[in-house]
Amino acid sequence: MENQKDNILKNALILFTITIIAAVILGFVYNITLEPIAAQQLKTRDNALGNVLPDTSFDTLEVQNQETYSQLVELFEGKDAAGNVVGYAFKMATKEGYGDLIELIVGIRMDGTIAGIDVIRQAETPGLGAKVDEPSFKDQFAGKVATALTVVKGAAGAEEEISSISGATITSRAATNAVNQAVEYFNTEIAKEGN
Amino acid sequence: MSAYILLFIGAIVVNNVVLSRFLGICPFLGVSKKVETALGMGMAVTFVITLASIISYLVYGLILKPLEITFLYTIAFILVIASLVQLVEMVIQKTSPSLYQALGVYLPLITTNCAVLGVAVINMQKNYNLLQSTINGAGTAIGFTLAIVLLAGLREKIEYNDIPKPFKGYPIVLVTAGLMAIAFLGFAGLIK
Amino acid sequence: MGNPMTRLKTGLITENPVFTQVLGMCPTLAVTTSVKNGIGMGLATTAVLFFSNMVISLLKNIIPSKVRIPAFIVVIATFVTVVELVLKGFVPALYDSLGLFIPLIVVNCIVLGRAEAFASKNGVFDSMMDGIGNGLGFTLALFCLGAVRELLGAGSFFGIRVMPSAFQPAIIFVLAPGAFIALGILFALFNHLKDRQPKKA
């Protein structure tokens, strides 16, 4: 009986040691990869910022009324070389997609038109929802006057309509709703005071 | 309240764990020869998933997060599940021999059922609170039971059919599961 | 235990983990919506298999048999987390599209299965070869299924459109039902070819 108890203790000890060693090793790897992971995330974000508002430098602004704008993660003010504000970029994150989070950057110019959108993270179904990151979908937004947009099946007719990706209405709607929230923020929080 | 009901129904049919999320395929294919065993497996899984959802939520929120070691979540969750399965096995054996006889053989298999770990990770990724995690866990598990029992019913029927030789065994089961998945696609429009 | 090439071939074809042992079905069905995802998942799993087989065969005399399964799981989970962090840091697009299924490599029955059936009983070198062989066998299966589904479901291969423009992609193949049906048919094909082989030889 005594022996058996010893054995259980010994087994538990070995298992515990293995787990501790594993955790320590992982701690090391985590620290090593911390920097590349952060750098990657910054790089994809900055690339997307450059895509929606080219030739601008960006300053981070504080988000107002965060509770109203649940999908707005970060807000940037874009200035040209002369220091004039040319527009704003919004980093949005939505849970409404089919897969994991969809993160996108929405650029809105000072004149109230959408400069463009770019997707920085998505895990939608390839061949369907993943097309959210293809020009055929993204380019629809560029140049539209910033008002509430709706998703329609088939070809979009009116100005405020976005044509859905075929077979992926959920994804299209999620992305468009995120854009709409950025637009709403621009219209109520920025355009009002600024001009 | 209605959000919780939607989450529950969504987890059962719309995002059915087996037929649309592809979790827990191994037991789905392996233990679905007879309705009776399928039901046993389903019940054992339901039990473990619901408990695992709650405990891994607590482990994540009370241990990993405060210590800032969230990157260890994979190890932590799988250890929770493995010990939980062991514990459940011991408790059932002691308290209810008849239940143990019904579920006992399936319990060890559950550790490697990816639906269990999958639900724990989904709860974490979606930032569900305790109630949402529990509801999502229970719904997912019921969805699993539903799928495996339905498949077992179909397999009992096709067993005596004349199937082309290369399709005998797993191929025909996979095709059957595919047809079931098409039927489940019909639920997709149920919840926006 | 035979020469290294036989080990490789065993895992790759004669005992292919997917088509003969029916292991690792969850990732097989879930991530094969495109060729790229399939290969990415296959290689990530191969890396985990290689290292976990290596470490487990090194530790086989230290680990008491009563707690071997939890011990194996800890070793496997460690390497899965390493792979997860590395992918996140260096191939973020692949990390995002594989998503949930990276942590789930832990419960891929192939990895635990090889640890229990091979690495815990054999030498380090053989175990490493076994890991690579089974990993590549898994990758091969994912590649086949990914190719079929991407070609039929999206009309492309590796993200490049190859089907003529008149071809209307059958979306069903990138959706869940297509995964089951395509794998079922591939499986039947594999059985058929295997049945014919002895007669030819």
Side-chain angles (χ1 to χ4, degrees), chain B residues 15-30 71-79 81-83 86 108-122 124-125 163-185 188, chain C residues 18-20 22-32 67 69-70 73-85 88 99-113 172-173 175-196:
Chain B
N15 294 317
N16 184 281
V17 61
V18 181
L19 297 172
S20 97
R21 280 196 192 279
F22 299 116
L23 298 173
I25 304 283
C26 292
F28 177 66
L29 297 177
F71 62 92
L72 290 179
Y73 74 92
T74 313
I75 289 197
F77 288 1
I78 192 73
L79 283 177
I81 293 165
S83 6
Q86 201 101 70
L109 289 174
I110 294 177
T111 311
T112 51
N113 180 339
C114 50
V116 187
L117 183 61
V119 173
V121 176
I122 289 173
M124 178 196 79
Q125 282 179 343
I163 298 160
K165 194 165 171 265
F167 274 94
K168 281 217 165 87
Y170 282 109
I172 192 69
V173 177
L174 283 164
V175 173
T176 311
L179 296 176
M180 275 172 71
I182 293 181
F184 269 72
L185 268 189
Chain C
V18 174
F19 288 124
T20 65
V22 206
L23 294 175
M25 298 310 268
C26 303
T28 304
L29 291 163
V31 303
T32 47
V67 292
I69 299 293
I73 289 179
V74 170
V75 172
I76 295 167
T78 309
F79 287 112
V80 169
T81 312
V82 171
V83 165
E84 180 178 359
L85 291 169
K88 207 171 174 182
L100 178 64
F101 285 89
I102 297 174
L104 291 187
I105 297 175
V106 178
V107 279
N108 185 325
C109 334
I110 298 175
V111 187
L112 191 62
I172 192 85
F173 278 99
L175 294 175
F180 285 107
I181 293 171
L183 183 64
I185 292 170
L186 271 183
F187 219 126
L189 193 69
F190 190 87
N191 283 350
H192 180 66
L193 291 177
K194 223 172 52 179
D195 276 351
R196 271 180 30 182

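Order of the sequence lines sets the chain letters (A, B, ...), proteins ahead of strands, with each chain counted from 1. From a predicted model like this one, the values you see are computed outputs, not experimental measurements.
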| remark: Residues pairing under salt bridge (Lys or Arg N to Asp or Glu O under 4.0 Å) where one sits in residues 165-176 of chain B, two or more places apart or in two chains, turn out to be B/Lys165-C/Asp195

| said: Counting only non-hydrogen atoms closer than 4.5 Å, does C/Thr78 touch chain B with its backbone (N, CA, C, O), its side chain (CB onward), both, or neither? | reply: both

| request: Please flag which part of C/Val106 lies under 4.5 Å from any non-hydrogen atom of chain B: side chain, backbone, both or neither. | output: side chain

| request: Looking only at non-hydrogen atoms, find the nearest pair between B/Cys26 and C/Met25 and report the distance. | output: SG-N, 4.2 Å

| For the residue pair C/Pro177 and B/Leu185, what are the closest heavy atoms and their distance? | CG-CD1, 4.0 Å

| field | Heavy atoms of other groups near B/Gln125 CD, more than 12 under 6.0 Å | value | yes

| Structural part of C/Phe190 lying under 4.5 Å from a heavy atom of chain B | neither

| field | Under 4.5 Å from any heavy atom of chain C - which part of B/Leu29 | value | side chain

| field | Contact origin within C/Leu112 toward chain B - heavy atom pairs under 4.5 Å | value | side chain

| said: Can you tell me which of C/Ile185, C/Leu104, C/Thr81, C/Leu23 forms the most heavy-atom pairs within a distance under 4.5 Å of chain B? | reply: C/Leu104

| Taking all atoms of both residues into account, what is the closest heavy-atom pair of C/Pro103 and B/Val121, and its distance? | CG-CG1, 4.2 Å

| Under 4.5 Å from any heavy atom of chain B - which part of C/Ile69 | neither

| Criterion side-chain contact (heavy atoms from CB on, under 4.5 Å) against C/Val107, the qualifying member of B/Ile78, B/Asn113, B/Thr111, B/Val116 | B/Ile78

| query | Can you tell me how far CD1 of C/Ile73 sits from CD1 of B/Ile75, rounded to the nearest 0.5 angstrom? | reply | 11.0 Å

| query | Can you name the nearest heavy-atom pair linking B/Phe167 to C/Gly184, along with the distance? | reply | CE2-O, 4.2 Å

| message | Do B/Thr74 and C/Ile102 have side chains that approach each other closer than 4.5 Å (heavy atoms only, starting at C-beta)? | response | no

| Any C/Phe101 side-chain heavy atom under 4.5 Å of B/Leu23 side chain | yes

| query | Aromatic ring centroids of B/Phe22 and C/Phe180 under 6.0 Å? | reply | yes

| remark: Here the pair of heavy atoms bringing C/Ala176 nearest to B/Leu19 is CB-O, 3.0 Å

| note | Okay, B/Leu79 and chain C: the region with an atom under 4.5 Å from a heavy atom over there is side chain

| query | With only heavy atoms counted, which part of B/Tyr73 is less than 4.5 Å from chain C, the side chain, the backbone, both or neither? | reply | side chain

